[in-house]
Amino acid sequence: MRALATSGRRRSEALTLRVQALESALVAGRGWLDGPTVERGEQVAAHARARLDQSVDHTVVALAGSTGSGKSSIFNVLAGHDLATPGVRRPTTSRAMAAVWEADPQGAREASRLLDWLDVPLRTVLEPGADNQGLVLLDLPDHDSVVVEHRVRSDLLVDRADLLVWVVDPQKYADAVLHEQYLRPLAGHAGVVVLVLNQIDRLSHVDQLQCLADLRRLAAQDGLGSCPVIGLSAVTGQGVGELRSLVASAAAAREAATSRLLADVRAAAERVSQECGPARDVRNRAAARDELTTALLHAARADVVVDAVRGSSLLRARAATGWPLTRWVGRWRSDPLRRLNLLRRDVRTELSRTSLPPMDAAMAAKTHTAVREYVDGASAGAPAPWVLATRALVRDDGLPDALDQAVARTELDGERRPRWWSVASAVQWAAVAVLLVGVLWLAGLAVLSFIQLPVASSPDIEGYPIPTLLVVVGLLLGVILALLARLLSYVGANRAARRADRRLRVQVSAVASLSVVEPVEAQRHLLDECRAAAALAAR
Amino acid sequence: MTDGSTHGHQVGDDDHVVADLVSSLTDLRSTIHQTGFPLETLTAPRARVERTRALDQLDDYLLPRLRSQDAPMLVVVGGSTGAGKSTLVNSILGEKVTAPGALRPTTRSPVLVHHPLDTDWFTSDRIFPHLARETGASPSGPPPPPPPHGASGPGRSPDRRPHGDDRPSRSLRLVPSEALPRGLAILDAPDVDSVVVGNRELAAQLLAAADLWLFVTTAARYADAVPWELLDEGASRRAQVAIVVDRIDPGAEIVADHLREMLGARGLGEAPVFVVRETSLVDGLLPVGLVAPVSRWLTAVGSDVSARDAVVAATRDGVIDDLAGRALVLADAADAQVAVASALRRTVHRAYDEAAREISISTSDGSMLRGEVLARWQDFVGTGEFMRGVEERIGRVRDAVSGFFRGRPGSAPKVAVAISSTLEAIVFDAADRAAERTYTAWQDDTAGAALGPSLDLSRASAALRTDLAEQVRGWQGDVLALVSDRGASKRGRARVLAVGVNGIGAALMIVVFASTGGLTGAEVGIAGGSVLLAQRLLEAVFGDEAVRALARDAHELLTSRVRVLLDAEAARFTSRIDTAFGDATGAAPTVDGETSTRPVAHASTHAAPSHGTGTTGSSTAAPAAESTTDSTTDGPGTSRGGSGARTAAPSGLGRGSGPELRAGAYAVQRAAALERAGRAAPAAHPTTVPLDGGGVGGMGGMGGMSGLVAGTSGAAGADGGDRVRVGRLRGADLEIVDSPYAAPVPPPTPPPVRRGMLSRFLNRRTDRQDPATGSSAPDLAPDAREGTR
């Protein structure tokens with residue numbers, strides 16, 4: 001007895017775990033699972049929790065069947081008393097009736113709570129026999145009655161019973177209503193369904209066998225291949241013992257309560273699982289990500305910015321290292337970075353837009369297309385509702401602004417002054433000084449000669465007069481240095497451009513992550529989680 | 001149609017009136033046949049069922065019944081599975097014509113029992129044209145195995161397959177029995193509620209073709225929901241019903257009273273109810289005493305010509321009324337289909353019109369000229385960064401033009417390439433978004449979602465990229481052609497040649513992209529001097545006015561090419577609607593008689609392929625024959641663009657639309673009213689025939705039957721009049737104790753004329769009457785006339 005109770009507890013714990021898994025699958029999939037699936041899943045989970053709150057030591061066995069199939073007669077035979085009144089006028093049983101086998105008053109209270117939950121007010125407590133302690137037997141109203149209320153009541157109890165005994169008779173066992181509306185939805189529940197062919201005494205022996213075989217065939221068609229099929233006659237008593245022992249063993253094992261719920265949870269989880277589709281191999285999406293980033297870079301006019309950085313660097317290098325006497329020409333030009341409103345010292349990036357040309361139609365189109373391509377690639381093979389939900393999640397309306405901000409945020413080194421600029425500048429100025437000295441010297445000599453004053457011959461080096469040398473050297477030095485500096489500044493500008501390109505890529509990639517990649521990944525995690533949880537619940 | 005035409009009550013005018021009715025029914029049939037309900041509107045599921053039923057009613061019952069009014073009365077024995085239908089039929093006849101069994105469902109192929117001389121009525125495809133015939137009784141042999149499920153049914157000529165359904169092929173077994181009076185045929189139908197769907201459908205169809213229902217139920221299941229649904233439906237079309245409650249255990253007779261109550265509550269209170277007790281079978285037959293009331297009643301109803309005609313007429317009138325009502329329901333549903341189809345189309349066109357508008361705006365407001373196109377253009381005209389600065393500050397156009405003339409001619413193609421890629425990006429994005437919008441809208445709509453748009457419909461089609469490139473290239477070709485064309489006729493020919501057609505073309509494209517609403521870029525001031533430069537260049541070559549015209553023409557060419565692409569994209573959606581309508585009506589599934597796996601072992605008399613009436617000629621509704629219904633409800637832009645895809649209208653909506661159905665229904669009602677006025681009004685309760693007081697018991701019944709024999713011997717005489725024997729159902733001559741009727745039989749006074757029914761139709765008729773036919777029925781129902789005044 002104790003061993004049975006522990007096994008029951010363990011089973012109910014396992015069931016609780018499954019219910020939790022089902023619930024988390026439903027939470028993860030709420031955005032895109034089919035409405036009825038979620039509804040059914042929630043209903044099953046709630047029902048399982050409610051049933052687990054009730055006594056699992058009691059097993060609810062429901063006698064269900066069509067009008068006039070003899071449910072009440074079987075009920076009476078099993079109960080051993082004439083509790084229900086079978087009738088010829090159809091429909092007969094209008095309210096469900098319960099018989100409880102329970103010796104323990106505490107157990108009786110629990111059973112009573114269980115029956116309250118089942119909404120069965122008509123109940124009789126009976127002295128249990130050797131094997132049927134804890135059995136709760138229900139006599140249901142007809143499922144096919146013309147009185148709709150009966151059908152509703154019956155359906156409710158069919159949903160909540162732990163073990164279902166479907167009573168059919170030789171006339172009606174092939175009714176479409178029975179098979180299509182009741183047995184087929186129970187597919188997979190073979191362990192908690194018993195089919196009873198009542199009134200078997202009306203058939204000849206050969207017909208009995210054929211009929212039972214036919215019923216088994218139909219049950220297999222309904223997905224209840226392994227459920228027991230019993231031929232029974234409430235009048236002659238044939239088959240009653242078999243049914244009684246089947247019911248009693250179910251009650252004694254205390255498994256029916258959890259088995260039924262388990263089957264329900266499993267079926268609901270199976271449905272969720274199916275909607276999740278098969279797991280997809282998550283290939284490396286880095287390439288797709290790079291593509292997206294490149295497209296967004298293009299859209300953010302990174303090429304323009306990089307060109308501007310290059311131009312700006314060149315301009316400033318020229319201003320810093322050019323020949324001092326012609327540097328002023330560069331002032332005529334404005335810094336391309338300033339034109340783009342990207343020069344750090346001028347702007348506070350958080351507050352202002354760049355002055356990059358606004359995204360033109362083609363750029364916007366290319367951005368949208370790139371984002372769509374990424375999302376499509378990431379959701380290839382996923383279930384359609386999920387794909388739609390993911391697409392709805394990724395909005396690219398805010399992208400132009402975000403990209404603009406990303407560009408504005410990027411450190412573009414607009415103020416950077418490499419050290420060699422000052423050196424070159426100093427040398428340039430020195431060259432200018434030399435030139436100036438030479439020029440002044442020559443000028444002095446010229447003035448002296450103009451006013452006819454004697455001029456001492458200039459000192460010379462190897463025959464070349466020094467002032468002339470100074471002028472020549474100053475000039476040559478300046479020009480050569482300027483050319484050299486220009487060469488170097490080209491190299492530097494290209495490096496600055498590459499640096500800017502790298503940084504822009506980092507920033508834009510962050511934007512892509514935030515507004516496209518991450519939402520998609522999050523959705524995919526939800527899908528995986530839903531699938532995994534559903535698989536766990538359905539296992 | 002042929003051998004019964006000499007019958008007494010059908011002469012002169014009657015023929016004419018009935019022919020009118022038949023032709024109006026035939027018209028209605030073809031209209032119904034052409035109407036499909038492929039879209040999942042709210043009413044569609046019901047309408048599809050109603051359509052099938054209406055066609056079945058017409059094919060299986062109404063048309064055959066009207067064309068041959070003297071055909072035997074068909075009594076269909078229907079009921080729940082296991083109710084004992086077959087046993088009852090066997091017991092009435094006194095011979096085993098069908099094989100009852102314990103396994104459900106039992107009667108797998110329906111059995112029709114008829115008098116040997118009535119064979120001709122049933123071997124032709126006059127009724128049940130889709131059921132193959134088997135002849136010969138197989139009293140104890142097993143019924144033929146059921147056909148494999150889903151096998152498409154041949155066994156009839158392809159053109160007789162009325163409405164592309166896929167019912168499993170069935171056959172009808174004909175069993176001649178001399179126990180049956182002439183003029184009476186009994187059909188043992190399959191279960192109405194069995195787990196085999198095919199059985200259920202067939203049973204419902206057979207019951208719909210019955211002149212009289214013999215509904216068999218049992219004490220255990222008389223309260224089942226399914227049979228009552230059928231009975232309710234029968235009551236609604238005033239089918240003549242008799243009920244047999246089988247298998248009543250001793251002491252359970254109360255169920256008969258309860259059953260009568262239930263019948264009364266459903267307007268079937270006058271139906272005879274026969275009670276058959278549960279008993280053991282003798283030789284597989286019920287004891288004669290138990291079936292005597294049924295036999296006796298059947299004999300009384302079936303052998304007396306006037307009683308029989310009354311039953312037949314009552315059922316027929318009910319069916320005609322029911323059919324007319326059904327046609328009106330179908331008309332409403334067809335209207336709904338049209339409305340939903342055009343709403344779906346509107347959704348598509350709205351999305352793609354929006355896309356076209358977006359493209360048109362982006363290609364004309366100068367926003368295309370900000371990016372790459374501008375850069376390439378500036379490269380082209382040879383202005384470097386310095387010149388850009390100069391342009392901005394001083395605007396020295398002349399220098400730029402001189403730069404252009406010195407410019408690199410090789411860069412003109414680069415401008416074209418930049419324009420291509422930009423245009424492609426814009427159009428592709430717009431098409432993508434339009435597809436997504438349409439897809440989402442369709443998904444949100446039940447009918448749209450049911451058309452099953454797959455996920456790849458939510459994106460522009462895969463072929464769009466290549467088509468797009470082609471069209472853009474085509475447009476650039478157009479522009480160049482335009483330039484050389486206009487240049488040739490202008491004084492600037494030399495200048496065109498000097499600059500090069502490519503250069504002028506590029507300049508024109510630039511100007512096109514910057515001309516908003518007739519104002520060219522220079523006037524609006526878009527993109528600064530670059531466009532101005534192009535503008536001046538063109539003006540220098542062509543002149544002021546010509547440039548505007550050129551820009552306008554080039555833009556129109558672009559718009560129309562884009563339109564073609566978008567139309568093709570939109571057609572991916574609209575073609576689904578068209579296909580749905582095409583499938584639902586125009587193209588009925590072809591019947592492949594050769595490849596069938598249907599067992600034909602018993603088949604001896606196949607349905608003759610010819611039917612000979614006009615009912616089938618209309619089944620070949622030419623697809624896309626009529627587009628009027630739809631094109632009027634199309635969105636804007638129907639006439640724009642040269643796409644053929646848009647003009648393909650659904651064939652199914654063309655002729656079988658709501659108004660036509662309505663007209664057909666009224667025509668039938670009119671013809672039916674005329675036909676009814678030409679004969680005695682039907683009895684209120686034709687199934688209530690006197691059975692006691694010697695009326696038909698013993699000799700009385702015999703008298704009636706001999707009357708029948710006398711009446712038909714003319715036709716029968718040719719094939720062996722001496723073989724004619726009076727059919728006698730088992731126990732028909734026994735005295736019966738319990739009356740099957742709820743109330744005592746009223747004295748056989750002339751039944752009241754059912755004014756209500758008649759005037760209802762005349763009201764409707766006169767409401768819609770046009771002057772031309774107004775005089776056709778002047779004296780039908782004066783009270784009805786007054787009612788409308």
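- When all heavy atoms are compared, the tightest approach of B/Asp429 to A/Ala365 is CB-CB, 3.4 Å.
- Once rounded to the nearest 0.5 Å, the distance linking CD of B/Glu424 with OG1 of A/Thr369 reads 11.0 Å.
- Considering only residues two or more places apart in sequence or on other chains, B/Glu436 meets the salt bridge (Lys or Arg N to Asp or Glu O under 4.0 Å) condition with B/Arg459.
- Within the 4.5 Å cutoff, no side-chain heavy atoms of A/Pro385 are placed close to those of B/Gln443.
- Taking non-hydrogen atoms and a 4.5 Å limit, the residue list of residues 370-378 of chain A in contact with chain B, ordered by number, reads A/Arg372, A/Glu373, A/Asp376.
- Rounding to the nearest 0.5 Å gives a distance of 13.0 Å between NZ of A/Lys366 and CZ of B/Phe428.
- Heavy-atom distances place the side chain of A/Leu388, and not its backbone, under 4.5 Å from chain B.
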